[in-house]
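Some notes on the structure that comes next.
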Amino acid sequence: MEAYNHRAVEKKWQEYWDEHKTFHTENDFTKPKYYALVEFPYPSGQGLHVGHPRPYTALDIVARKRRLQGYNVLYPMGWDAFGLPTENYAIANHIHPKQVTENNVRRFKGQLKALGYSFDWDREVNTTDPNYYHWTQWIFLKLFNKGLAYKAEMPINWCTSCKVGLANEEVVNGVCERCGAPVIRKAQSQWMLKITDYADKLLEGLDDVDYIERVKVSQRNWIGKSKGAEVDFRLTGKEDKLRVYTTRPDTLFGATYMVMSPEHPYIEKYKDCIENYDELMAYREKASQKSDFERTELAKEKTGVAIRGLTATNPVNNKEIPIWISDYVLMSYGTGAIMAVPAHDERDWEFAKKFDLPIIEVVAGSDVPVTEKVYTDVETGTLVNSDFLNGLSVADAKVKITEFLTEKGIGNAKTNFKLRDWVFSRQRYWGEPIPIIHCDKCGFVPLKEEDLPLVLPEVESYMPTDTGESPLAAMTDWVNVKCPCCNGDAKRETDTMPQWAGSSWYFLRYTDPDNEKELASKEALKYWMPVDWYNGGMEHTTLHLLYSRFWHRFLYDEGVVPCPEPYAKRTSHGMILGSNGEKMSKSRGNVVNPDDIVLEYGADTLRTYEMFIGAFDLSASWSDEGVRGCRRFLERVWKLQDILTDGDAYSPDMNTKMHQTIKKVDNDYESLKYNTAIAALMSLLNDFTKKGAINHAEYKTFLILLNPTAPHITEELWQLCGFGGTITDQKWCEYDEEATKEDTVEIGVQVSGKLRGTIMIGVNEDKDSVIGKAKELETVKAVLSDKTIVKEIYVPGRIVNIVAK
RNA sequence: GCGGAUAUGGCGGAAUUGGCAGACGCGCUGGAUUUAGGUUCCAGUGGGCAACCGUGCAGGUUCAAAUCCUGUUAUCCGCACCA
């Protein structure tokens, strides 16, 4: 027997699979389909990270298993290649981003091939390919034509270092997610997508999909649906009403003041009657200059200014109350103004305490006076000081007051969402051009479908500008065009789309990647969609995952795709940390390069190790010793050849264990428990080694079970042993439920809950016989000698417990 | 502050969901092979001399708890003035 040479074996089979197109997926719509998907990577300059193989291997296992089970499997890969790092690298090294992308993709692809993934490389997609972003632009036009894409002048998160507007999701603790520089607010005209129109649909859609619970919870929280009411307060002596949103309309009688956001338009409108207008302006100025970070920092200490000369009247009791401004009220949520009920809202209470405003109890139930401690409980309280609501529970009061408001025309029930519209433009070069033309006469004019794709022009300088304009703006030849409507002078939109655009629909393109007439054919979409299993990072839960659900749901409403939800099942993997338990980074010096591991130990070892490292959804620390352990396992699998004997059926002494292992591995591969699947195979291997023999039938089964995890070595062994054909042509192993059951089992014997020994019993042995055996144990006799038996418990096949006093 | 998760030997982690805690791997100890180191193979390995004690900590339910309940601590990850 030759030694296990992973380099030769892996090279041989990778070439074989390539040549024979083993994993090519046909659009054969007669077979049952399975669509397994992993998030396509951003091809960064650093190359593949050891974190990448974890999810890729997990779903490669699923894909390979499904093929053995007879499914037509789609397991594709591509490149999410637009984005800032590439552009920055291009600027720094004077190479065109397109070239940078090509280089990086080549490297990534080589690395992925070296890991032996069963991707169908004929379906590779690249978001920067005009044939691809043709359809990204096409979807944008659809959104635009439905009024879901609009341009708005609004304060955006502006990264002072990247010089680019960021989505809320890209701002982390007030600094840029990418570069860590402070983020300030800056007014800029931006393309926005109305994801808020889909808030309810995105929320409801979660009920029908199989996502891991924490993903659902995060998305629900992010969408942030809340139910309440809008109420109009009269501005004393004015025509206008000041409208507020509240989730506690039941506490309306307890409103003792109001607070408007510093940006509220009424401040301008009633400038003339406001006595301290300058003071308000000064406060607003100060608030707007705060970065998000400072705003968060200072969150604990409430600030604000009372408006002099403008008051409001509570519509239910006609009490006149003051109006304040404070930055704890956000213009972007609700109506930009609130009624403050300090007795029953924590923030209002704090504010009232600080500025010495009255606190009136309207919900009784606290054992401490509301002037001492805020009372926010909604379960047990009873309404007081509230006229016709007195005596009601909070829930009943909410209903009654809402009816009252509606009847009197001073308010209505209202649902709000935390979800904000999606800032969709970037002042950058390396992104999809937005296919819109600005015409002074006609406004925003969309390109015609037949003029797509709008190709990103070659540009000399892609340096970002301080003015906030895209580098494309300097390309006058490209920018100046004739209006498609009136043929007058017009200009192209020079902002580009964010990186999230291309990844919001890429899974559709895989079903029909070369289609030039549609984003994918109806037939292909109908057959392949939805994705059966999608695995990706938790960090994308409120970004990519939500955005792509939004686009998909929109395309469903437009009749483009056949199902409302794109992903039937979503799982998430944990991070791979450095051996010191910290996140891998150059500065920490704990980075492991997958190329080195593949070279030294082989792809099969790396794959096996990453699956064995621990629970799939938890983060795990790298361990070189652990890698060696997995390599040893594969070496021992290799050596089983030495003890191979004839035999087309499992040998009697191994039969039960074989069926048990098939069942275990089968179930574990399905439920993200790759670590215990491998442990089961290791345990089986130990049995064969101990026994000193494995027959053909047993080895075949062993190799098929291991194949999805370690595809190269199992192919090679299959061939070396002359089992016929290749292992990828075989059928997945079946197990017989009956055969997994033991005839005799060893069970524990407890006396009063303490383990005293074990006995061998037949699975069908009756209670008396089992208890009898248990009592014969010397250790049991010894403990029972001076006690009387109170109770005898036998759980069939599990345990005996003799309770004695 | 709110939400979510996690806590088990020297280490990574198992435990059929209430039924012999520590599967499997790493590491370690001893032995065999080897000129030696490495590799490989065999045996052992939660703590304690023992009775016993052991799943972050304190209670509780149960014949029986890592698992269920109550309280509590620590760590990690989201979100963060959303009215």
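Within every chain, numbering begins at 1; the chains are lettered A, B, ... in the order of the sequence lines, protein sequences first and strands thereafter.
- Across all strands shown, A/Ser226 has heavy atoms under 4.0 Å from sugar-phosphate atoms exclusively, and none from any base.
- Nucleotides of RNA chain B nearest to A/Cys630 and A/Arg214 differ in position, and the one nearer the 5' end is that of A/Arg214.
- Listed nucleotides B/A23, B/G25, B/G3 differ in distance to A/Met682; the shortest reach to its side chain belongs to B/G25.
- Between A/Glu213 atom CD and B/U6 atom P there is a gap of 13 Å when expressed in whole angstrom units.
- Ionic pairing of A/Glu737 and A/Lys663 is present here: one or more N-O contacts between side-chain nitrogen and carboxylate oxygen are shorter than 4.0 angstrom.
- No salt bridge links A/Glu610 with A/Arg54; every basic N to acidic carboxylate O contact stays at or beyond 4.0 Å.
- Annotation: B/G19 and B/G9 have their C1' atoms spaced 22 Å apart (nearest Å).
- By the ring-ring contact (aromatic ring centres under 6.0 Å, His included) test, A/Trp622 pairs with A/Tyr609, sequence neighbours left out.
- Residues A/Lys373 and A/Glu346 are not paired through a salt bridge, judged by the lack of any N-O separation under 4.0 Å between the basic side chain and the carboxylate.
- Close to B/U40, at under 4.0 Å from its OP1 or OP2, lies no side-chain N or O of A/Arg636.
- Regarding the sugar-base torsion, B/U33 falls in the anti class, its angle being beyond 90° of 0.
- Across all strands, A/Lys639 comes closer than 4.0 Å only to sugar-phosphate atoms, never to a base (heavy-atom distances).
- A/Thr758 comes within 4.0 angstrom of a nucleotide base, judged by non-hydrogen atoms across all strands.
- Checked against the 6.0 Å centroid threshold, A/Tyr333 and A/Phe417 do not count as a close aromatic pair.
- Residue A/Arg220 is out of contact with every strand shown, counting any heavy-atom pair closer than 4.0 Å.
- Evaluation of the side chain to side chain donor-acceptor pair (under 3.5 Å) rule for A/Lys773 yields A/Glu765 as partners, not counting sequence neighbours.
- Contact annotation for A/Glu746: base contact, defined as any heavy-atom pair under 4.0 Å involving a base atom.
- Among residue pairs with one or both ends in residues 662-681 of chain A, those qualifying as ring pair (Phe, Tyr, Trp, His ring centres under 6.0 Å) are A/Phe616-A/Tyr674; sequence neighbours excluded.
- A/Lys791 is linked by a side chain to side chain donor-acceptor pair (under 3.5 Å) to nothing, counting only residues two or more places apart in sequence or in another chain.
- Here A/Arg628 lies out of heavy-atom contact (under 4.0 Å) with every strand.
- With both ends at atom P, the span from B/U39 to B/A23 equals 23 Å, rounded to whole Å.
- Taking atom C1' on both B/C20 and B/A65, the two are 14 Å apart, rounded to the nearest angstrom.
- Rounded to whole Å, the distance from CG on A/Asn221 to P on B/A80 is 11 Å.
- Under a 4.0 Å N-O distance rule, the pair A/Lys225/A/Asp200 qualifies as a salt bridge.
- In this entry the base of B/G9 is syn relative to its sugar, with a glycosidic angle within 90° of 0.
- Atoms CG and CD1, on A/Asp250 and A/Ile401 in that order, are 8.5 Å from each other to the nearest 0.5 Å.
- One atom, CG of A/Leu685, and another, P of B/A23, lie 17 Å apart when rounded to the nearest Å.
- Distances from the side chain of A/Arg632 to the nucleotides B/C26, B/C41, B/C20 place B/C26 closest.
- Remark: C1' of B/A83 and CD1 of A/Ile325 are 17 Å apart, rounded to the nearest angstrom.
- Look at A/Lys216 and A/Glu213 and you find no salt bridge, because none of the NZ, NE, NH1 or NH2 atoms lies under 4.0 Å from a carboxylate O.
- Stem list for RNA chain B (at least 3 consecutive Watson-Crick or G-U pairs, distances under 3.5 Å): B:1-7 with B:73-79, B:10-12 with B:24-26, B:27-32 with B:40-45, B:56-60 with B:68-72.
- Look at the C1' atom in both B/C57 and B/A7: the space between them is 11 Å, to the nearest Å.
- With both ends at atom C1', the span from B/C76 to B/G56 equals 15 Å, rounded to whole Å.
- B/U73 sits 48 Å from B/U40 when the C1' atoms are compared, rounded to a whole Å.
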Under 4.0 Å protein heavy-atom contacts per nucleotide of nucleotides 7-17 of chain B, with B for base, S for backbone only and - for none: -----BSSSB-
Could you list the protein-to-nucleotides 60-64 of chain B atom pairs, N/O on both sides, closer than 3.5 Å?
residue, atom, partner, partner atom, Å
B/C63, O2', A/Asn801, ND2, 3.0
B/C63, O2, A/Asn801, ND2, 2.6

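- Distance, A/Tyr4 OH to B/U39 C1': 17 Å, rounded to whole Å.
- Sorted by first and then second residue, the salt bridge (Lys or Arg N to Asp or Glu O under 4.0 Å) pairs involving residues 678-689 of chain A (not counting sequence neighbours) are A/Lys657-A/Asp687.
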Would you tabulate the pairs of protein nitrogen or oxygen atoms and nucleotide nitrogen or oxygen atoms of nucleotides 49-53 of chain B closer than 3.5 angstrom?
residue, atom, partner, partner atom, Å
B/C52, OP1, A/Arg756, NH1, 3.3

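- Within 4.0 Å of A/Asp348, counting heavy atoms only, lies no atom of the nucleic acid at all.
- At the heavy-atom level, A/Ser623 lies nowhere under 4.0 Å from the strands shown.
- The side chain to side chain donor-acceptor pair (under 3.5 Å) test applied to A/Ser621 returns no partner, not counting sequence neighbours.
- Taking atom P in both B/C53 and B/A36, one finds a spacing of 48 Å when rounded to whole Å.
- Going from atom OH of A/Tyr601 over to atom C1' of B/U39 covers 13 Å, rounded to whole Å.
- Taking a cutoff of 4.0 Å between a charged side-chain nitrogen and a carboxylate oxygen, A/Asp232 and A/Arg243 qualify as a salt bridge.
- For A/Ser261, the side chain to side chain donor-acceptor pair (under 3.5 Å) partners at least two apart in sequence or on another chain are A/Glu263.
- Under 4.0 Å is where a charged nitrogen must lie from a carboxylate oxygen, and between A/Arg632 and A/Glu635 no such pair does.
- Between B/G3 and B/A80, the distance separating the two P atoms is 16 Å to the nearest Å.
- Side chain A/Lys302 to base B/C81: a donor-acceptor pair is found below 3.5 Å.
- In this structure, CZ of A/Phe633 is placed 15 Å from P of B/U40, rounded to the nearest angstrom.
- Residue contacts for A/Gly629: at a heavy-atom cut-off of 4.0 Å it reaches the sugar-phosphate backbone alone, with no base atom in range.
- A/Thr247 pairs by the side chain to side chain contact (heavy atoms under 4.5 Å, CB included) definition with A/Ser226, A/Tyr245, not counting sequence neighbours.
- When rounded to the nearest whole Å, the span between CD of A/Glu539 and P of B/C79 equals 11 Å.
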